[in-house]
Visitor: 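First, the structure itself, so that you have it in front of you.
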Amino acid sequence: MRNFLALLIGIFLGIIFMKAEVLSWFRIQEMFAFQSFHMYGIIGSAIAVGALSVWIIRKAEAKSIEGNRIELNDKAPNYKSAYIGGTIFGLGWAMTGACPGPMYALVGSGTTVFLISIVMGILGVLAYASLRSKLPH
Amino acid sequence: MSEFIQWISQPWPWYVAGPVIGLMVPLHLIFLNRTFGMSSSFRHMCAAVVPNNLDFLKYDWKSESWNLVMVAGVLIGAFIASAFLASDAPIVLSESAILRLKGFGITNFSGQHPAELFSWSSLSNWQSLLFVIGGGFLVGFGTRYAGGCTSGHAIMGMSHFQLPSLVAVLGFFTGGLITSWILLPLILA
């Protein structure tokens with residue numbers, strides 16, 4: 001059941017990524033050069049809707065469709081890794097013009113060269129897993 | 001119906017696209033009882049495919065297989081959007097952005113990514129190789145090090161006011177600005 005719902009949400013998300021143009025290298029460059037409000041408007045209004053949803057879910061003590069308590073744990077307070085890792089991701093985000101979700105969407109929409117980026121992303125995880133104990137967190 | 005298709009086939013303005021992306025938060029919490037995040041899929045695939053003995057990759061990735069099913073959905077959704085909901089008009093960028101990118105030698109503004117840098121035939125250029133290979137590696141390494149990406153930290157984490165997520169987003173912009181303002185002018189000079 002969860003897999004089926006995840007598939008539907010994924011299809012919806014793939015369409016959104018395309019129509020919002022958040023997977024566009026052009027848009028990402030435009031954002032980092034502060035030449036358009038488009039991406040900032042998207043991220044800001046997405047957070048606003050997300051935050052309102054979390055507030056309502058908590059206020060109403062809403063349950064998941066399976067009737068369970070909704071689990072929303074705090075992120076681990078690893079500020080060093082959040083900033084350094086975030087910076088490394090940011091370097092790559094502006095090079096590829098795509099974060100992980102959009103990479104899949106780009107492949108689906110025909111820019112199949114991103115299969116290489118995805119494989120490299122997986123190797124990036126392997127490198128992190130190998131070096132993890134030596135990195136500051 | 002055809003009018004509706006025509007209407008959603010236009011690029012969505014930010015005030016439509018943003019709130020719809022924000023809906024991913026309650027959709028995940030209520031229907032999946034999981035948090036929104038796309039970059040974990042790299043970790044699951046790594047744990048599933050690469051033989052290793054690393055602690056970070058020793059976990060029950062199968063219990064998170066919904067995340068990989070969602071990836072399949074994203075692929076299908078993007079295919080549907082490009083096959084049936086596409087508009088032929090080129091992307092509407094700000095004039096200053098077009099001018100700046102032209103200065104980097106970009107001439108082809110059709111599609112979502114410049115074919116000059118992101119196509120199989122472009123891989124013979126070192127710049128293209130660097131972006132596709134190096135950029136992909138940095139995205140995989142950085143998201144796992146940071147514990148999330150734009151969806152997991154910027155949208156999900158910020159939606160429940162997680163300070164580590166705010167710090168991560170500051171990192172995203174630090175890295176993005178370095179690439180955009182320092183590396184890109186050097187690489188595409």
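The shown structure was predicted, so the numbers you read here are calculated from the model rather than taken from an experiment. Proteins come first, then strands; the chains are lettered A, B, ... in the order of their sequence lines, and each starts at number 1.
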Visitor: Side chain of K75(A), backbone of H153(B): donor and acceptor closer than 3.5 Å?
Guide: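 Judged by distance alone, no pair lies under 3.5 Å.
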Visitor: Has H113(B) got a side-chain atom pairing as donor or acceptor with T96(A)'s backbone, closer than 3.5 angstrom?
Guide: yes
Visitor: Hey, which of V22(A), L8(A), T87(A) has the most heavy atom pairs under 4.5 Å with chain B?
Guide: T87(A)
Visitor: Please answer whether the main-chain N or O of L32(B) pairs with a side-chain N or O of R2(A) as donor and acceptor at a distance below 3.5 Å.
Guide: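 Looks like yes, one N/O pair under 3.5 Å.
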Visitor: Is H160(B) reaching over with its side chain to a backbone N or O of G50(A), donor-acceptor style, under 3.5 angstrom?
Guide: no
Visitor: Okay, side chain of S24(A), backbone of Q112(B): is any donor-acceptor separation there less than 3.5 Å?
Guide: yes
Visitor: Between Y128(A) and T143(B), do the side chains contain an N or O donor and an N or O acceptor separated by less than 3.5 Å?
Guide: no
Visitor: If you measure from CG on L85(B) to NZ on K19(A), what distance do you get to the nearest 0.5 Å?
Guide: 6.0 Å
Visitor: Examine the side chains of N33(B) and E66(A) and answer whether a donor and an acceptor come within less than 3.5 Å of each other.
Guide: no
Visitor: Just checking, is any N or O donor in the side chain of S94(B) or E30(A) under 3.5 Å from an acceptor N or O on the other one?
Guide: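 Indeed, the side chains of S94(B) and E30(A) share at least one donor-acceptor pair under 3.5 Å.
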Visitor: Does a donor on one side chain and an acceptor on the other come within less than 3.5 Å for W120(B) and T112(A)?
Guide: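 Their side chains do contain a donor-acceptor pair, which is all the 3.5 Å distance test asks for.
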Visitor: Taking the side chain as C-beta and beyond, is there a heavy-atom pair between V20(B) and F12(A) under 4.5 Å?
Guide: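 V20(B) vs F12(A): side chains touch.
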Visitor: So which of S81(A), S53(A), A48(A), S133(A) has the biggest tally of heavy-atom pairs under 4.5 Å with chain B?
Guide: S81(A)
Visitor: Measure the acute angle between the ring planes of F114(A) and F118(B), then classify it against the limits of 30° and 60° as parallel, tilted or perpendicular.
Guide: parallel
Visitor: Side-chain contact, heavy-atom cut-off 4.5 Å: L13(A) with M24(B)?
Guide: yes
Visitor: Under 3.5 Å, is there a donor-acceptor pair between the side chain of Q35(A) and the main chain of S96(B)?
Guide: yes
Visitor: Quick one, F32(A) and L184(B) - any side-chain contact, counting heavy atoms below 4.5 Å?
Guide: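 Not in contact.
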Visitor: Quick one: does I84(A)'s side chain get under 4.5 Å of Y145(B)'s, heavy atoms only?
Guide: yes
Visitor: Name the option with the most non-hydrogen atom pairs under 4.5 Å to chain B; the candidates are P102(A), A62(A), G101(A).
Guide: G101(A)
Visitor: Got M70(B) and L7(A) here, is their nearest side-chain heavy-atom distance under 4.5 Å?
Guide: no
Visitor: Name the option with the most non-hydrogen atom pairs under 4.5 Å to chain B; the candidates are S109(A), G110(A), G97(A).
Guide: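 Going by pairs under 4.5 Å, I would pick S109(A).
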Visitor: Answer whether the closest heavy-atom distance between the side chains of S41(B) and Y104(A) falls below 4.5 Å.
Guide: yes
Visitor: Just so I know, are the side chains of L163(B) and Y79(A) near enough to count as touching, which here means a heavy-atom distance under 4.5 Å?
Guide: yes
Visitor: State, yes or no, whether a side-chain contact exists between L170(B) and Y83(A) at a heavy-atom distance under 4.5 Å.
Guide: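 Yes. Closest side-chain heavy atoms under 4.5 Å.
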Visitor: For M1(A) and W66(B): C-alpha separation, side-chain torsions, deciding distance, then whether side chain to side chain contact (heavy atoms under 4.5 Å, CB included) applies.
Guide: CA-CA 10 Å; M1(A) 183 64 179; W66(B) 67 273; over 6 Å; no
Visitor: Highest number of heavy-atom pairs under 4.5 Å with chain B: which of L52(A), I118(A), I56(A), V119(A)?
Guide: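 If we count pairs closer than 4.5 Å to chain B, I118(A) comes out on top.
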Visitor: According to a hydrophobic-cluster definition based on side-chain heavy atoms being under 4.5 Å apart (Ile, Leu, Val, Met, Phe, Trp, Tyr only), do F31(B) and L29(B) belong together?
Guide: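 Yes, F31(B) connects to L29(B) through the hydrophobic network.
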Visitor: Measure distances from V69(B) to the heavy atoms of chain A and classify the residue's part below 4.5 Å as side chain, backbone, both or neither.
Guide: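 For V69(B), heavy atoms of backbone and side chain both lie under 4.5 Å from chain A.
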